Amino acid sequence: MELRSDQIKKDLLDKIKKQIEEGTLDGTKECCVFRFGEDSGAKSYERGLVKTAQSLGIKLRTHHYDQMTDQILEDFARENKDDQVGGILLLEPIFKEVEDQLKRDLDPKKDLDGVTLYNRGALYSGLTPYHIPATPRAALMLCKSYWQDLSGKEVVVINRTTVVGKPLLHLLLKENATVTLCHSKTKNLKDHLKRADIVFTATGRAHSIQSEDVGDHALVIDIGLGMKDGKLVGDVDYQGFKDSQVVTPVPGGVGALTNTLLLESCLKKHRD
Ligand SMILES: Nc1nc2c(c(=O)[nH]1)N[C@@H](CN(C=O)c1ccc(C(=O)N[C@@H](CCC(=O)O)C(=O)O)cc1)CN2
């Protein structure tokens, strides 16, 4: 069975519009996106943000750099202190020469993807961050639209990055799930997958997970983005999946919710 995010996204968009009207979200704030190089996942994220921002009437400022330049730090410093900017997204991958400085200098209140030490530290310590990374939040929201109660569920996450795997681990622990975090050096990945109730996968290896790799009643949340035959596809090869197995599509799954949640975060009002 395919678990799409269309209806959840529509409901979320309606909720955001209503909150802008009521003034609980600040619809005048602008969202600023920095993209470095030509990563296909980052480009897809930016395309999704452009479309969703348009439908919400939110202004998006996009900065793109095809190579390292001092202009990056200049643009960043300006946007970081501009009161009109509600938040900044630094799309991964970020040029190594500036990554540390950008993440260190970013105002935690504008840190839409929760990459600053303040926001990460708060999430990992069970405190309240200003922002939590949008991709794991979207993945969890889609998962909970199918399985509300995750308490005691066996969950496997394949990804250990700071924007997906690590924050997802903490969000799942808060839901009382039993979590196994897998990665490229994990031995016997298929044994872990077989016994999981829920799998979150974000390896970027196109169509690398097949029906027979997971249990007959597994829920598979596909966060992966890879290229196959010139097209962007997920980690899961949907062909051959059984009716009893639930899989989220790419596109039309986690990504569509990710960009909407990120824009919602940008309009948040923060107390000083
Ligand atoms: N700072 C970050 N950078 C990047 C992240 C991230 O989570 N934080 N992730 C990847 C890309 N990514 C998620 O893993 C992602 C890709 C696409 C979308 C999206 O909005 N998809 C839409 C639009 C599709 C299209 O038109 O191509 C959809 O699926 O409907 C969101 C997140 C890279 N960098």
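Here the structure is a predicted model, which is why all the values come from computation and not from measurement. The analysis underlying the following values was restricted to heavy atoms, covering all of them including side chains, and did not include hydrogens, waters or symmetry mates. One-based numbering, in listed order, for ligands and for the atoms of each.
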Determine the interplanar angle of the Phe36 and Tyr65 rings, folded into 0 to 90°, and report it as parallel if under 30°, tilted if 30 to 60°, perpendicular if over 60°.
parallel
Give the atom numbers and elements of ligand 1 that come within less than 4.0 Å of a heavy atom of Asn259.
19 (C), 20 (O), 22 (C)
Electrostatic pair Lys153:Glu175 at N-O distance under 4.0 angstrom
no
Any sub-3.5 Å donor-acceptor pair from Thr52's side-chain atoms to Asn259's backbone N or O?
no
The atoms of ligand 1 lying under 4.0 Å from a heavy atom of Lys51, numbered in the order shown, are 26 (O)
Do Gly48 and ligand 1 have an N or O pair less than 3.5 Å apart?
no
Record the part of Lys43 in heavy-atom contact with ligand 1 below 4.0 Å; permitted values are side chain, backbone, both and neither.
neither
For atom 7 (O) of ligand 1, what's the nearest protein heavy-atom neighbour? Residue, atom name and distance, please.
Thr135 OG1, 2.7 Å
What residue and atom, counting heavy atoms only, is the protein's closest point to atom 19 (C) of ligand 1, and at what distance?
Gly255 O, 3.4 Å
Output the list of atoms in ligand 1 that are nearer than 4.0 Å to some heavy atom of Gly41, sorted by atom number.
11 (C), 16 (C), 33 (C)
Which atoms from ligand 1 have a heavy atom of Leu89 less than 4.0 Å away?
1 (N)
Please write down residue, atom name and distance for the protein heavy atom closest to atom 29 (O) of ligand 1.
Ala256 N, 3.5 Å
Donor-acceptor contact present, side-chain Asn80 to main-chain Asp107, <3.5 Å:
yes
Heavy atom of the protein closest to atom 16 (C) of ligand 1 (residue, atom name, distance)
Leu225 CD1, 3.3 Å
Answer yes or no: does an N/O atom from Asp113 fall short of 3.5 Å to an N/O atom of ligand 1?
yes
Give a yes or no on whether the backbone of Ala122 and the side-chain of Arg120 come within a donor-acceptor separation of less than 3.5 Å.
no
Name of the residue among His217, Met1, Glu2 meeting side-chain contact (heavy atoms from CB on, under 4.5 Å) with Val246:
Met1
Any idea which protein heavy atom is nearest atom 4 (C) of ligand 1, and the distance to it?
Glu92 N, 3.7 Å
When distances are taken from atom 9 (N) of ligand 1, the protein heavy atom at minimum range is Tyr45 CD1, 4.2 Å
Nearest-neighbour protein heavy atom for atom 17 (C) of ligand 1, which is reported as residue plus atom name and distance
Ser44 OG, 3.3 Å
Between Glu74 and Arg78 (salt bridge meaning N to carboxylate O under 4.0 Å), is one present in this structure?
no
Nitrogen or oxygen of Thr258 less than 3.5 angstrom from that of ligand 1:
no
Are the side chains of Val33 and Ile88 in contact, using a 4.5 Å heavy-atom criterion?
no
Among Asp235, Thr248, Asp222, whose side chain to side chain donor-acceptor pair (under 3.5 Å) with Thr201 holds?
Asp235
Could you check whether any heavy atom of Glu46 sits closer than 4.0 Å to an atom of ligand 1, since that is the contact criterion I want to use?
no
Out of the candidates Arg61, Gln84, Lys110, only one should pair with Glu79 under the side chain to side chain donor-acceptor pair (under 3.5 Å) rule; please name it.
Arg61
Could Asp213 and Lys190 be called an ion pair, given the rule that one side-chain N must be under 4.0 Å from one carboxylate O?
yes
Below 3.5 Å, N or O to N or O, backbone or side chain included: is there any such pair between Leu90 and ligand 1?
yes
Is the shortest heavy-atom distance from the side chain of Lys29 to the side chain of Lys59 under 4.5 Å?
no
Taking heavy atoms and a distance under 4.0 Å, where does Thr52 meet ligand 1: side chain, backbone, both or neither?
neither
Considering the heavy atoms of Arg47, write down every atom of ligand 1 situated less than 4.0 Å from one of them.
25 (C), 26 (O), 27 (O)
Which of the atoms in ligand 1, numbered in the order shown and given with their element, are less than 4.0 Å from a heavy-atom of Leu91?
1 (N), 3 (N)
